[in-house]
Each structure stands twice: as structure tokens, then as C-alpha cells.
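Everything on this sheet refers to the single structure shown next.
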Amino acid sequence: MRKQYAEKDKMKILGIETSCDETAMAVVEIDGGEVIVKSNIVSSQIATHAQYGGVVPKLAAREHLENIRKVYETACQDNSYDLIAVTNGPGLAPALLIGVTFARTMAWKYDKPIVGVDHMAGHIYSNWLTANNHAFPALNLLASGGHTELVIMTAHNKFEIIGETLDDAVGEAFDKVARMLNLEYPGGPAISRIAKDGNPLAYPLPEPMKRSAGLNFSYSGLKTAVLYLIRNITGEDRELTESEQADVAASFQRVAVESLISKTRVAIARHNPQSLMLSGGVSANTLLREEIKKLGAELDLPIYIPDIAYTGDNGAMIAVAGYFAYKSGVQDQWGSLAIDANLRLGHNLKA
Ligand code: KG4
Ligand code: ZN
């Protein structure tokens with residue numbers, strides 16, 4: 001049953017995100033077309049997981065549990081929000097469970113409507129935090145630590161995956177290559193930082209899926225090629241020099257970004273979108289941001305890229321995605337909203 005909130009034009013949405021290693025909440029006010037971020041709190045667990053070189057699900061859940069109340073109190077002055085939006089998948093099950101349980105409890109306690117949000121839809125909607133005039137159909141290039149997808153969005157809350165990675169996600173490849181280069185976790189920012197001093201053409205690396213006509217990605221072959229490249233350079237009896245390290249990082253980054261751009265180019269030719277959007281943690285990458293802008297300029301296609309502040313996981317993007325899901329008629333129940341660690345964009349179209 002819909003509540004009276006649906007009739008309100010202006011809505012305040014509490015967005016809750018705990019799918020991975022950030023405990024994040026935001027309050028976003030949407031008034032007609034205007035999106036105003038009232039608060040946006042991200043409590044990162046990077047320091048905890050960095051010592052293990054990646055996210056440890058049990059530790060993530062424990063930290064979410066320890067931090068969630070504090071994050072809520074910092075994000076919300078009071079309970080005057082009209083809707084609770086919470087990531088219920090995809091992600092780490094123990095981590096998702098903390099956010100969803102908290103959200104359900106608040107929905108029950110304060111009698112608020114609740115919607116479960118697909119984390120990847122959240123990333124897509126990070127683009128609404130900076131502009132709201134996106135033309136449909138929109139092509140989305142989603143590049144994160146867990147996913148690499150090309151998604152056609154025909155309308156609000158209507159998604160179709162048209163291409164995806166067959167193995168590692170691009171962010172995961174950045175993280176794994178960073179580990180090979182003895183750089184800290186997470187690897188994406190570390191690689192892009194040292195790549196600035198490297199020669200992107202120093203080493204030839206194979207562009208993944210170049211010969212495949214489809215729209216899928218693959219990053220495990222590129223990752224292995226980097227491993228063999230490093231072994232070749234060092235003969236396995238010394239460390240890489242700083243300049244070799246920078247050259248490997250820059251060469252890997254160039255090929256990883258080229259692969260994203262060339263599949264996006266094919267997708268545009270086939271699907272003729274009216275706008276192009278980038279999102280996900282990897283959308284913080286400077287080279288990728290520059291290349292996607294060039295592609296848009298070349299094809300005369302409007303381009304949307306989230307502010308750096310909203311490229312990583314945050315509650316504001318979940319709030320906006322929740323708002324548009326709710327406006328499209330989605331509403332869950334506090335008593336039954338479940339997590340789905342393998343949630344897939346577009347499942348709402350098949351129902
Ligand atoms: O979206 P996100 O915060 O979490 C997931 O939903 O997975 O993405 C995290 C990923 C990590 O793999 C991280 O290394 C990558 O985004 N990343 C970057 C950059 N900043 C973060 N990759 C490349 N260049 C960056 N500047
Ligand atoms: Zn994410």
C-alpha cells in the first residue's frame with residue numbers, strides 16, 4: 001500500500017549503503033527536478049582491510065555494525081525523512097545484512113516507506129547528483145570493483161545489461177595489478193597516481209576482447225599478461241625500479257581504459273543512445289574521464305560523469321536511486337525486505 005508520501009512533490013530520502021567496505025548514509029532532498037544533498041557521510045574501512053590486501057567480509061560486517069548508529073546520527077538531524085532507500089544487493093552478504101536490518105528497523109520504528117536499491121543502480125544514479133537532464137535511452141558504462149557493465153537505461157528504473165565482464169571486473173584488475181606492483185589497497189587510486197610519471201606506451205599489452213565482436217569485457221588475460229611482463233623485466237631476481245613500476249602502471253592503465261572505451265564505442269553504434277553516463281569507483285580514474293569526454297565530443301553525444309566525491313560508494317546515490325524506484329511504483333515492506341548478494345540490474349523488468 002502506498003503512503004501519503006507518494007503524493008508529495010518534495011521528498012527527503014535517507015540513503016543507506018553497506019554493501020562492501022564503506023558504511024555510508026546520506027539525506028537527499030528532491031524537489032521536482034532539483035536534487036539537494038543535505039548530508040553525505042562515508043565511514044571508510046580501508047585502513048582495516050588494507051593490511052589484508054582486500055576486503056574481508058566478516059571484518060566488514062563487524063565494522064558496519066560498530067559504526068552504523070554513529071553514521072546515522074551524523075547524517076540525520078532527526079527522522080524527518082519521507083523514504084528509506086537501502087542497498088540490498090549485490091555485495092557481501094554479511095555486510096548487506098547490517099544495512100538492510102538497520103533500514104528495516106528504522107522503517108518500522110518511524111513508520112516510513114522503504115525501498116531496496118540495487119547497488120549498481122545507485123552508481124548509475126550518482127549522475128543525478130550533478131545534473132538532472134539526462135536523455136533516454138542512456139548508455140551507462142559501469143566500472144567498479146565488483147562489476148564492469150554496459151547498461152541501457154530506457155527510462156527511470158528500467159535497466160538492461162547489454163555487456164559485462166566474463167571474469168574480473170576492471171576495478172578488481174586495478175587492485176590485482178597494484179598488488180603485483182607492491183602498491184597499497186585499493187589499487188586503482190595507487191596505479192593512477194604512479195602512472196602519471198610513466199610512459200603508457202612503454203610495454204605492449206594485449207587489449208582484452210579486441211577481436212570479439214560482442215560487448216563483453218574480460219580482464220583476467222590482461223592481468224596475467226602484466227604478471228608475465230613483470231617477470232620478464234626483472235628476470236625474477238630483482239625488484240622493479242621506480243620508473244619501470246610507473247611504466248607498467250601506465251601501460252596497464254592505458255590498455256584497461258582502451259578496452260572500456262572501445263566496447264562503449266561499439267555499444268553506441270549498435271544502440272544509438274541519446275546520452276552516455278559513466279559511473280562506479282573506477283570512474284574516478286582521470287584517464288578514463290578524459291577518454292570518455294573525448295568519445296562524447298567525437299560522437300556529439302551528451303556525457304555525464306559523477307563528481308569525484310560520488311564515484312565511490314556513498315549513501316547519496318542510493319537515496320536518488322531509491323527515489324526514482326519509489327516514483328516508478330516500487331515499495332518494499334519493513335518486515336520482508338531481503339538481501340540478495342547476487343542481485344542483477346534489470347531483474348525488475350522480468351517480473
Ligand atoms: O564502486 P566502488 O567504490 O566499489 C564497488 O562497488 O566495487 O569501486 C571500487 C573500485 C576499486 O577496485 C578501486 O581500485 C577502483 O574502484 N578505483 C579506481 C580509482 N579509484 C577507485 N580505479 C582506477 N582508478 C582510480 N582512480
Ligand atoms: Zn560500488
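In what follows, residues are counted from 1 in the order of the sequence shown. Please read all numbers here as calculations on a predicted model, not as lab measurements. Whatever order the structure lists them in is the order used to number ligands and atoms, beginning at 1.
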When you look at [atom1] of [X], are more than 12 heavy atoms from neighbouring residues, nucleotides or ligands closer to it than 6.0 Å?
X: E242; atom1: CD; value: no
X: E34; atom1: CD; value: no
X: R238; atom1: CZ; value: yes

Give me the nearest non-hydrogen protein atom to [atom] as residue plus atom name, then the distance to 0.1 Å.
atom: atom 26 (N) of ligand 1; value: S192 OG, 3.3 Å
atom: atom 15 (C) of ligand 1; value: V282 CG2, 3.9 Å
atom: atom 3 (O) of ligand 1; value: D313 OD1, 3.3 Å
atom: atom 18 (C) of ligand 1; value: G188 CA, 3.4 Å

Going by distance only, is there an N or O of [X] that falls short of 3.5 Å from an N or O of ligand 1?
X: F174; answer: no
X: G312; answer: no
X: N285; answer: yes

Indicate, with yes or no, if [Y] and [X] share a hydrophobic cluster defined by side-chain heavy-atom contacts under 4.5 Å among Ile, Leu, Val, Met, Phe, Trp and Tyr.
X: I30; Y: M153; answer: yes
X: L141; Y: M209; answer: no
X: M120; Y: I305; answer: no

Heavy-atom contact check, 4.0 Å cutoff: does [X] meet ligand 1?
X: H119; answer: yes
X: C20; answer: no
X: H123; answer: yes

Rounded distance (nearest 0.5 Å) linking atom NE2 of H64 with atom CG of L96
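Reported value, rounded in 0.5 Å steps: 8.0 Å.
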
Of the listed options ([options]), which comes nearest to [atom] when hydrogens are ignored and any heavy atom counts?
atom: atom 8 (O) of ligand 1; options: P186, G280, G145; answer: G145
atom: atom 16 (O) of ligand 1; options: S44, A284, G281, P90; answer: G281
atom: atom 19 (C) of ligand 1; options: A169, P189, S19, A178; answer: P189

Scan Q77, R69, K70 and name whichever one has a side chain to side chain donor-acceptor pair (under 3.5 Å) with E73.
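Result: among Q77, R69, K70, R69 is the only option passing the side chain to side chain donor-acceptor pair (under 3.5 Å) with E73.
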
Heteroatom test (N, O or S) for H147 near the Zn ion (ligand 2), limit 2.8 Å
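Checking the Zn ion (ligand 2) against H147, no N, O or S atom falls under 2.8 Å.
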
So, 2.8 Å as the limit: is an N/O/S atom of C20 located closer than that to the Zn ion (ligand 2)?
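Given the 2.8 Å cut-off, C20 does not count as a ligand of the Zn ion (ligand 2).
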
Which angle, to the nearest 10 degrees, do you find at the Zn ion (ligand 2) between NE2 in H123 and NE2 in H119?
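With the Zn ion (ligand 2) as the vertex, NE2 (H123) and NE2 (H119) sit 90° apart.
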
Centroid separation under 6.0 Å, is that true for the rings of F252 and Y203?
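They do not qualify: ring centres at least 6.0 Å apart.
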
For ligand 1, which atoms have a heavy atom of [X] less than 4.0 angstrom away?
X: D175; answer: 11 (C), 12 (O), 13 (C), 14 (O)
X: G171; answer: 12 (O)
X: G146; answer: 7 (O)

For Y326, the option from V115, V117, D332 that meets side chain to side chain contact (heavy atoms under 4.5 Å, CB included)
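It is V115; the other options fail the test.
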
Could you pull out the atom name of the N/O/S atom in D313 that is nearest the Zn ion (ligand 2)?
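This turns out to be OD1.
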
Would you call the rings of Y72 and Y81 parallel, tilted or perpendicular, taking 30° and 60° as the class edges?
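Plane angle over 60°, so perpendicular.
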
Ring geometry between Y125 and F159 (parallel below 30°, tilted from 30 to 60°, perpendicular above 60°):
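If you compare the ring of F159 with that of Y125, the planes turn out perpendicular.
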
